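Read the structure below first, then the notes.
In what follows, residues are counted from 1 in the order of the sequence shown. Every value quoted in this text rests on a predicted model; they were computed, and no experiment measured them.
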Amino acid sequence: MSIKLIQERLNSYNCRSELEEEHAIREITQEVALAALSRTEFFKYGVFQGGTCLRIFYGLNRFSEDLDFILNEPNPNFKLQPHLQSLARELETYGYKVDISDRSEANIAVRKAFKDDSIGKVLQLNHIGKSGPFRKIRIKLEIDTNPPSGSQSEIKYLDFPFVSSVTVQDKPSLFAGKTHALLCREYIKGRDWYDFLWYTSQRIKINYDFLASAIKQQGPWKGQDVNVNLDWCKTELGNIIKPMDWKTTVEDVRRFVRVTEQPSLDLWSKELFLTQLEKLK
């Protein structure tokens, strides 16, 4: 019965390619993992954030790979392992055989990863396996045990594979985290700019308290008391947008969006993003 739930969920995606089918299976697995974590006490301490959060709970129209979390308050001794053991047991009831690897390092955010290659062997797939073997589904869990201050959260609900509640960052805090990535990431990531288009099209405000705390904690302004506000963000983001090679940047995004949206990616340009920048509140 549990496998049937997964199959029905996969069918609802109406995948048109092997890549879309792979993304769909990963996303279904992410939802099962979140529901499994909700059956532990994890969300008393952890808050879901990042691109996968934005897609599952707020409707972002691109696929995402990882499950990112922050703690409600700093705790360098937080242990993720007990929660992952419960997660693994829950996944097994849905046909997964999970291999969890601990990639944590001392004094940094806790990182774990789990992978599975069994679920593809029990599902009826329309695209995967036609040109080669089913690849393992890999999902990284990352939790910031020393998060910046100022984040705000709310409770959201999943109804698959069962009704469960998940503590998530609100949209202004998510936008603040994304803005920090746009300003401070050491490399260009097209998915960041895809999300920027979504936030600005939705007219979402930035949680400037959370952004200021993050900027002071990490990045080129580390340790500085920067007056982080609308004008400052527009200036600094504009300085990044103007010289960027948008034709190269967009290629990072293509494999994460459906075929029907591909033509929109060809419109990426300095002019487009400067126009969106003016929509910041």
Side-chain angles (χ1 to χ4, degrees), residues 2 5-6 8-10 12-13 23-75 78-94 96 98 100 109-114 116 119 137-145 147-178 181 191 195 198-199 202 204 207 210 256:
S2 296
L5 279 175
I6 303 294
E8 291 174 347
R9 188 69 161 183
L10 177 60
S12 72
Y13 278 78
H23 281 313
I25 294 172
R26 180 180 292 106
E27 185 164 282
I28 291 166
T29 307
Q30 290 165 344
E31 291 184 312
V32 175
L34 288 168
L37 287 173
S38 77
R39 284 187 163 173
T40 74
E41 294 189 337
F42 177 78
F43 288 110
K44 288 176 61 177
Y45 315 102
V47 178
F48 191 29
Q49 63 168 185
T52 307
C53 175
L54 198 62
R55 175 168 173 81
I56 291 176
F57 290 107
Y58 296 110
L60 179 70
N61 198 31
R62 73 163 175 87
F63 291 103
S64 187
E65 293 180 307
D66 304 324
L67 296 173
D68 298 314
F69 306 90
I70 61 172
L71 292 181
N72 285 317
E73 55 186 44
N75 179 5
F78 179 79
K79 302 298 182 184
L80 189 56
Q81 190 63 36
H83 304 286
L84 288 179
Q85 291 171 350
S86 297
L87 182 152
R89 287 194 296 269
E90 190 73 40
L91 284 170
E92 286 174 0
T93 68
Y94 289 89
Y96 295 87
V98 182
I100 296 177
V110 176
R111 293 179 176 84
K112 307 274 182 175
F114 66 87
D116 168 86
I119 193 68
I137 297 295
R138 288 180 171 84
I139 299 176
K140 182 179 70 176
L141 283 79
E142 181 171 336
I143 182 162
D144 187 348
T145 58
S149 62
S151 174
Q152 300 295 319
S153 63
E154 57 184 330
I155 303 296
K156 291 285 188 177
Y157 296 93
L158 286 171
D159 60 6
F160 174 85
F162 48 81
V163 175
S164 56
S165 64
V166 177
T167 305
V168 305
Q169 274 191 322
D170 66 7
K171 287 186 282 190
S173 299
L174 285 165
F175 194 8
K178 183 57 63 176
R191 279 162 282 173
D195 296 356
W198 186 88
Y199 283 114
Q202 298 285 318
I204 295 167
N207 177 343
F210 183 50
F256 293 96

Under the side chain to side chain donor-acceptor pair (under 3.5 Å) rule, what pairs show up with a residue in residues 152-163, not counting sequence neighbours?
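Applying side chain to side chain donor-acceptor pair (under 3.5 Å) to every pair that reaches into residues 152-163, excluding sequence neighbours, yields Tyr58-Glu154.
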Using the test side chain to side chain contact (heavy atoms under 4.5 Å, CB included), find all partners of [X] that sit at least two apart in sequence or belong to another chain.
{"X": "Pro148", "answer": "Asp144, Phe210, Ser213, Ala214, Gln217"}
{"X": "Thr93", "answer": "Glu90"}
{"X": "Asp68", "answer": "Gln49, Asp66, Glu142"}
{"X": "Pro74", "answer": "Asn146, Pro147"}

Quick one: does NZ or CZ of Arg9 land under 6.0 Å from the six-membered ring centre of Phe160, within 45 degrees of the ring axis?
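Judged by the rule (NZ or CZ under 6.0 Å from the ring centre, within 45° of its axis), Arg9 counts as positioned above Phe160.
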Are Arg39 and Phe162 in a cation-pi contact, defined as NZ or CZ under 6.0 Å from the six-membered ring centre and within 45° of the axis?
yes
Run the salt bridge (Lys or Arg N to Asp or Glu O under 4.0 Å) test against Glu41 and tell me which residues pass, sequence neighbours left out.
Lys44
Any heavy-atom pair between the side chains of [Y] and [X] that's under 4.5 Å?
{"X": "Thr145", "Y": "Asn75", "value": "no"}
{"X": "Asn61", "Y": "Trp198", "value": "no"}
{"X": "Val32", "Y": "Ile6", "value": "yes"}
{"X": "Ile56", "Y": "Leu158", "value": "yes"}
{"X": "Ile155", "Y": "Phe43", "value": "no"}

Partner set under ring pair (Phe, Tyr, Trp, His ring centres under 6.0 Å) for Tyr45, not counting sequence neighbours:
none
Phe42 meets the ring pair (Phe, Tyr, Trp, His ring centres under 6.0 Å) criterion, sequence neighbours left out, with Phe69, His83
Mind checking what makes side-chain hydrogen bond (donor to acceptor under 3.5 Å, both in side chains) contact with [X], not counting sequence neighbours?
{"X": "Glu92", "result": "none"}
{"X": "Asn207", "result": "Ser173"}
{"X": "Ser12", "result": "none"}
{"X": "Ser151", "result": "Gln169"}

Which heavy-atom pair separates [X] from [Y] by the least distance, and what is that distance?
{"X": "Phe78", "Y": "Ile143", "result": "CE2-CD1, 3.9 Å"}
{"X": "Thr40", "Y": "Leu37", "result": "OG1-O, 2.7 Å"}
{"X": "Thr29", "Y": "Ile25", "result": "OG1-O, 2.7 Å"}
{"X": "Ala33", "Y": "Leu91", "result": "N-CD2, 4.4 Å"}
{"X": "Glu31", "Y": "Pro161", "result": "O-CD, 4.1 Å"}

Please report the interatomic distance CG(Leu141) to CG(Leu87), rounded to the nearest 0.5 Å.
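Between Leu141 CG and Leu87 CG, I get 6.5 Å after rounding to 0.5 Å.
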Give me the ring orientation class for Phe48 and Phe57: parallel if the planes are under 30° apart, tilted from 30 to 60°, perpendicular past 60°.
perpendicular
With a 3.5 Å distance limit and no angle check, can you tell me whether Ser2 reaches the backbone of Tyr94 through a side-chain donor-acceptor pair?
no
